[in-house]
Amino acid sequence: MTMRTIRVELGDASHDAHVGANILDRLGELARGAGLKPGACAIVTDATVEALYAARVGDALGKAGFAPVVISVAPGEASKSLATLEVLYDRMTAAGLDRNSAVFAVGGGVAGDLAGFAAATFLRGVPLVQVPTTVVAQVDSALGGKTAINHRHAKNLIGAFYQPRLIVADVTTLATLPDREFREGLAEVIKYGAIMDAPMVADLERDLDAILARRADLLELVVARSLVHKAAVVSADERESDLRKTLNFGHTIGHAIEASAGYGSYFHGEAVAIGMIAAARLSSRYAGLSADEASRLQHLIERAGLPTAMPPKWRSDEFLRALGLDKKRAAGAIEFVLLDRLGHSLTKSLLIDDIVSSLGENHRNV
């Protein structure tokens, strides 16, 4: 079994992110190595991932002295709700979890966000381990400490920064992802290249076909490279006061699309892909991104099988309301992440009216 380890430097909250093939079976060993105490713990997952990996995770934890209870929720964004959160609290209480009991978030971004927020708030905070099994979660959402549930008006409106004690990303779990879910995760990978690593864009252009074929060695490299970038950003700016905002490239429009279309209509990565195309257009107008580089980014996103067109009803009241609720808004404007060139980003405050006007009447000419 191969394994790469990325250290996330956050003072007392520093922790390791392990990436490799078939390292899920070492989860209990790695958890003990991170200082977690054996005994009662919770595995929070969804019904789909439960059928695939809950027994294997439970066995790995049991061999290291943990006694897990599996708490399974319905797949999809609808589970990131106050109602589901209450179910988690009830099950964790019934299982007798105490302040030393870890919560293992096993699955994609929904499981990670939901279990993370539960861990942050149950008994005022219990240890959290992220065990991501999707591309989006492995390259992005599992690292950084963002936890949240959705509100009917906006995605991730209720949440907390809460760092995990450990991240274990087994790239072999990506083999079981449906094609659409695998491809959506590549949006976050492309994002890292766009905002901070131009050579990564070139490497993705070269290797994309093999990545889509899910070659394990390339997946391990792509996940580790993405996490190195995110760890550097998070270590420098844990709570998104400055540098970390650049990680939101494509997300401002993307989150508004998700909220206005109804959670689940678009996968997160699909909405972010559309958001990156929209951000590229804004970048050409407000930051000097060349037409050639904007076209190059769009071509890579299209090759990954991701959507690039704004939804037909993107100018609806629901979309504009969701855009206006963006967490980076202030005084009628939104701090927008733009590119002046591939591999380099900047932020610029844009009025919502200017954003809508710049994207144009023709939603397919983005």
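In this chain, residues are counted from 1 in sequence order. These figures come from a predicted structure and were not determined experimentally.
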Pair H15, Q130: side-chain N/O donor-acceptor within cut-off below 3.5 Å | no
Are V337 and V139 grouped together when hydrophobic residues (ILVMFWY) are joined by side-chain heavy atoms under 4.5 angstrom apart?
-> yes
From CG (L10) to CZ (R7), nearest 0.5 Å | 9.0 Å
Will you find, in the side chains of E50 and S72, an N or O donor that is under 3.5 Å from an N or O acceptor?
-> yes
Side-chain donor-acceptor contact under 3.5 Å, E258 with N150 = no
So, Y162 versus T121: side-chain donor-acceptor pair below 3.5 Å or not?
-> no
Under the 3.5 angstrom rule, does the side chain of D16 hit a backbone N or O of L166 as a donor-acceptor pair?
-> no
Tell me, do R225 and D197 make a side-chain contact under 4.5 Å, heavy atoms counted?
-> yes
T172 and D170: side chain donor to acceptor below 3.5 Å = yes
Indicate yes or no: at least one non-hydrogen side-chain atom of V189 is less than 4.5 angstrom from one of M200.
-> yes
Do H268 and E184 have side-chain atoms, one donor and one acceptor, less than 3.5 Å apart?
-> no
Any chance you could lay out the side chain to side chain contact (heavy atoms under 4.5 Å, CB included) test for V126 and S101, step after step, and finish with the verdict?
-> CA-CA 6 Å; V126 296; S101 301; 5.6 Å; no
Mind running side-chain hydrogen bond (donor to acceptor under 3.5 Å, both in side chains) on N156 and K80 for me, showing each step along the way?
-> CA-CA 8 Å; N156 297 334; K80 285 174 54 174; 2.7 Å; yes
Contact check, side chains of F122 and L88, non-hydrogen atoms, under 4.5 Å = no
Less than 4.5 Å apart, any side-chain heavy atom of F336 and any of T252?
-> yes
Check the side chains of D354 and Y286 for a donor-acceptor pair under 3.5 angstrom, ignoring hydrogens and angles.
-> no
